[in-house]
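Every number for a ligand or one of its atoms is a count from 1 in the order of the listing.
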Amino acid sequence: MSETTTRPAVLILLGPPGAGKGTQARKLEESFGMVQLSTGDLLRAAVAAGTPAGMAAKAVMEAGGLVSDEIVLAILKDRMAEPDTARGVILDGFPRTPGQAEALDALLAEQDLAIGAAVSMEVDDAAMIQRVSGRYTCAGCGEGYHDAFKQPLEEGVCDKCGGTAFNRRADDNAETVGARLKAYHEQTAPLIAYYAGRDVLKTVDGMGPIAAIADDLGAIVKQVTA
Ligand code: ADP
Ligand code: ADP
Ligand code: ZN
């Protein structure tokens with residue numbers, strides 16, 4: 001762990017499905033020791049474990065809708081209570097509704113934490129569909145790949161862990177993607193104005209190469225933790 005005396009940063013990654021939130025959150029974990037907190041990953045784990053929250057969320061996720069604020073907030077609060085979040089957190093895919101944004105403000109105030117930046121990752125809708133439909137992840141370590149844009153160096157072998165089993169998400173299909181994009185535009189995009197009004201909004205161009213976007217995000221993290 002780093003020996004610097006920087007205060008814990010709370011970084012929000014905002015963007016439509018396929019914007020690159022998960023890809024960049026993992027890179028920030030590696031570079032800055034921060035913790036990625038993905039409500040999508042937490043919900044998928046709850047579905048796999050068959051918890052009551054997971055059972056309630058499953059059908060909504062398969063249809064590309066948003067899971068209720070109540071369920072998502074309960075999962076998020078549990079995760080935020082774990083001690084590793086003191087290293088700083090990258091919220092990947094949360095908040096996604098105005099209600100979640102307000103609940104996050106209250107939760108952070110309780111913990112005497114503040115949002116360092118809410119970063120809007122801008123990608124066009126066509127790119128987002130291409131990205132989501134070619135996405136797969138390593139079953140062993142969760143590293144993300146893409147059929148066209150990010151292949152493992154050795155075919156069929158994960159660069160990070162050497163694993164050879166990969167998963168594709170059930171909701172990464174053409175039918176569901178339309179619903180997810182609609183949910184983003186209707187319920188999540190308004191948060192861009194919300195965070196602009198709070199003076200914490202930053203914007204990055206999500207259409208460039210992965211490494212260039214990582215540099216832009218790294219500069220933002222350095223700025224907010226300085
Ligand atoms: P999100 O978490 O926002 O849904 P991901 O990080 O999972 O998005 O990225 C979606 C897909 O696009 C993945 O297959 C990933 O490898 C790929 N990808 C991510 N960033 C880029 C980029 N800048 N250019 C091209 N492909 C990318
Ligand atoms: P993506 O990486 O494509 O943006 P996620 O993995 O973040 O997708 O989310 C997958 C699904 O999980 C969403 O379509 C939604 O059903 C549910 N989900 C994840 N995060 C939230 C949230 N903050 N609020 C409501 N539903 C969520
Ligand atoms: Zn792996």
Side-chain angles (χ1 to χ4, degrees), residues 12-28 36-47 53-54 56-76 90-101 103-104 119-123 127-152 156-173 176-177 179-184 187-188 191 204-217:
I12 295 171
L13 296 185
L14 276 176
K21 303 180 296 295
T23 301
Q24 296 297 336
R26 286 176 71 92
K27 290 180 87 70
L28 290 170
Q36 174 192 18
L37 213 158
S38 155
T39 44
D41 286 348
L42 294 170
L43 286 165
R44 280 184 288 278
V47 171
K58 188 171 189 281
V60 180
M61 292 172 75
E62 280 170 1
L66 291 184
V67 175
S68 74
D69 285 357
E70 193 191 355
I71 289 178
V72 174
L73 284 164
I75 284 183
L76 191 268
I90 308 146
L91 296 174
D92 159 8
F94 179 92
R96 253 172 157 101
T97 65
Q100 290 178 15
L104 176 65
V119 185
S120 173
M121 300 181 64
E122 305 203 321
V123 294
M128 168 255 152
I129 292 167
Q130 242 185 340
R131 290 213 191 151
V132 165
S133 48
R135 164 161 64 189
Y136 62 99
T137 50
C138 171
C141 73
E143 182 69 7
Y145 293 97
H146 191 281
D147 291 326
F149 306 136
K150 188 190 163 195
Q151 291 156 318
V157 181
C158 175
D159 297 341
K160 294 280 157 164
C161 75
T164 53
F166 297 88
N167 294 323
R168 286 182 194 261
R169 279 167 46 180
D171 60 341
D172 279 350
N173 60 69
T176 308
V177 164
R180 287 161 63 198
L181 195 52
K182 188 163 179 275
Y184 175 76
Q187 299 184 69
T188 309
L191 298 183
V204 301
D205 178 3
M207 295 295 293
I210 291 173
I213 300 166
D215 288 346
D216 292 346
L217 286 168

query: Does A148 come within less than 4.0 angstrom of ligand 1, counting non-hydrogen atoms of the residue?
result: no
- prompt: Near F149, which atoms of ligand 1 are under 4.0 Å from a heavy atom of that residue?
  reply: 25 (C), 26 (N)
- request: Scan L37, T188, L104 and name whichever one has a side chain to side chain contact (heavy atoms under 4.5 Å, CB included) with F94.
  value: L104
- prompt: Under 4.0 Å from any heavy atom of H146, which atoms of ligand 1 are there?
  reply: 12 (O), 14 (O), 16 (O)
task: Mind checking side chain to side chain donor-acceptor pair (under 3.5 Å) for T97 and listing every partner two or more places apart, or none if nothing turns up?
output: D69
query: If you count only heavy atoms, which residues are under 4.0 Å from ligand 2?
result: P17, K21, T39, G40, L43, R44, M61, G65, L66, V67, V72, G93, F94, R96, Q100, R135, R169, D171, R180
statement: Here the Zn ion (ligand 3) sees protein N, O or S atoms within less than 2.8 Å, and their number is 4
task: Please confirm whether the backbone N or O of Q24 pairs with a side-chain atom of Q36, one donor and one acceptor, at under 3.5 Å?
output: no
query: Would the number of heavy atoms belonging to other residues, nucleotides or ligands and lying under 6.0 Å from CD of Q151 be above 12?
result: yes
message: Give me each pair satisfying salt bridge (charged side-chain N to carboxylate O under 4.0 Å, His left out) with a member in residues 128-151, each pair once, sequence neighbours excluded.
response: R26-E143, R135-D172, E143-K150, D147-R168
task: Measure across C138 and C161 and return the closest heavy-atom pair with its distance rounded to 0.1 Å.
output: SG-SG, 3.5 Å
- prompt: Considering only heavy atoms of I213, which atoms of ligand 1 have at least one such atom less than 4.0 Å away?
  reply: 23 (N)
message: Under a 4.0 angstrom heavy-atom cut-off, which atoms of ligand 1 come close to G208?
response: 22 (C), 23 (N), 24 (N)
- prompt: Mind checking whether Y145 has an N or O less than 3.5 Å away from an N or O of ligand 1?
  reply: yes
